[in-house]
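These notes are about the structure you will find just below.
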Amino acid sequence: MTEAPVPILMYHEIGTDPNEATRELSVTPGDFAAQMALIGDLGLTPVTAADLAACWRGGRPLPARPVLITFDDGYEGVHRHALPVLAQHGFTATVFVSTGWIRGPHDTGDSPDTMLDWAQVSELAAAGVEIGGHSHTHPQLDQLDDAALRHELIHCREIVTDELGTAPASFAYPYGYSSRRVRQAVRETGYGQALAVGNSLARRRQGPYALRRVTVRRSTGVEEFERLVKGRGIARNFAGDRALTKGYALVRRARQVRRKAIRSRV
Ligand SMILES: [Zn+2]
């Protein structure tokens with residue numbers, strides 16, 4: 001069983017022209033291709049979140065130098081730009097979808113940018129990409145009461161199950177953090193593991209519901225990327241994450257306030 005720490009990379013959008021709200025956390029297709037080439041050159045082998053957790057529970061072994069490539073929210077660029085690069089290298093990945101943001105029958109009309117539709121999510125799954133849950137409407141889960149929290153987790157799980165025919169096994173916390181109550185609810189909903197964001201590579205002792213990831217941003221150069229996958233230079237990365245996560249939450253809140261103001265005029 002591999003006990004060594006494992007780098008889990010967190011991406012969001014892969015695109016050339018992202019919206020302002022998602023820009024800092026998006027990566028250009030060219031940078032993404034260069035980063036995947038480097039993973040190949042370094043001899044790392046991508047595995048899914050379910051693979052990693054299963055291994056750390058004592059199940060199947062991992063490759064010698066595992067890495068996780070994860071994408072949050074469900075942006076269309078993951079299908080358009082990332083999937084061909086992943087396929088070219090034979091890499092797997094995990095995509096965590098906010099089901100209310102995916103284009104189609106469950107769409108709340110509230111997504112921050114152009115999102116995947118369910119046919120694209122199905123194509124990703126068919127290509128061997130793990131599809132995990134990321135809540136329904138992407139709230140700060142610790143701010144919800146118990147009923148709303150359960151609804152976010154269960155509704156997301158049911159929609160993914162209905163659309164893909166397979167229940168999602170893994171979850172990623174919106175905004176990258178959780179509370180004990182949130183972690184317990186995620187476990188009780190049936191998710192086997194959940195990913196956070198943190199100042200660390202993932203380690204078995206973090207437990208299956210608090211596996212940490214490092215953020216890849218638009219400003220992440222190839223040298224910084226190499227330090228990230230080798231577990232170096234992460235403190236600086238984390239300082240940036242906290243500011244960005246907070247900034248993104250503020251953008252979301254401002255949009256919600258504006259929408260409420262618009263609705264109240266009608
Ligand atoms: Zn998210």
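We count ligands from 1, going down the list as the structure has it; atoms in each ligand are counted the same way. Along the sequence shown, residues are numbered consecutively beginning with 1. Just so it is clear, the structure is predicted and the values come from calculations on it, not from any experiment.
- Here the angle at the Zn ion (ligand 1) defined by OD1 in Asp73 and NE2 in His138 stands at 100°, rounded to 10 degrees.
- Taking 4.0 Å as the cut-off between side-chain N and carboxylate O, Asp72 and Arg213 count as a salt-bridged pair.
- Ion pairing of Glu188 with Arg150 is present here, as a side-chain N (NZ or NE/NH1/NH2) and a carboxylate O approach within less than 4.0 Å.
- Looking at His134, its N, O or S atom nearest to the Zn ion (ligand 1) turns out to be NE2.
- Ion pairing between Asp146 and Arg181 holds under the 4.0 Å rule for side-chain N and carboxylate O.
- Taking the centre of each ring, His134 and Tyr173 stay at or above the 6.0 Å mark.
- Among the atoms of His12, none of the N, O or S atoms falls under 2.8 Å from the Zn ion (ligand 1).
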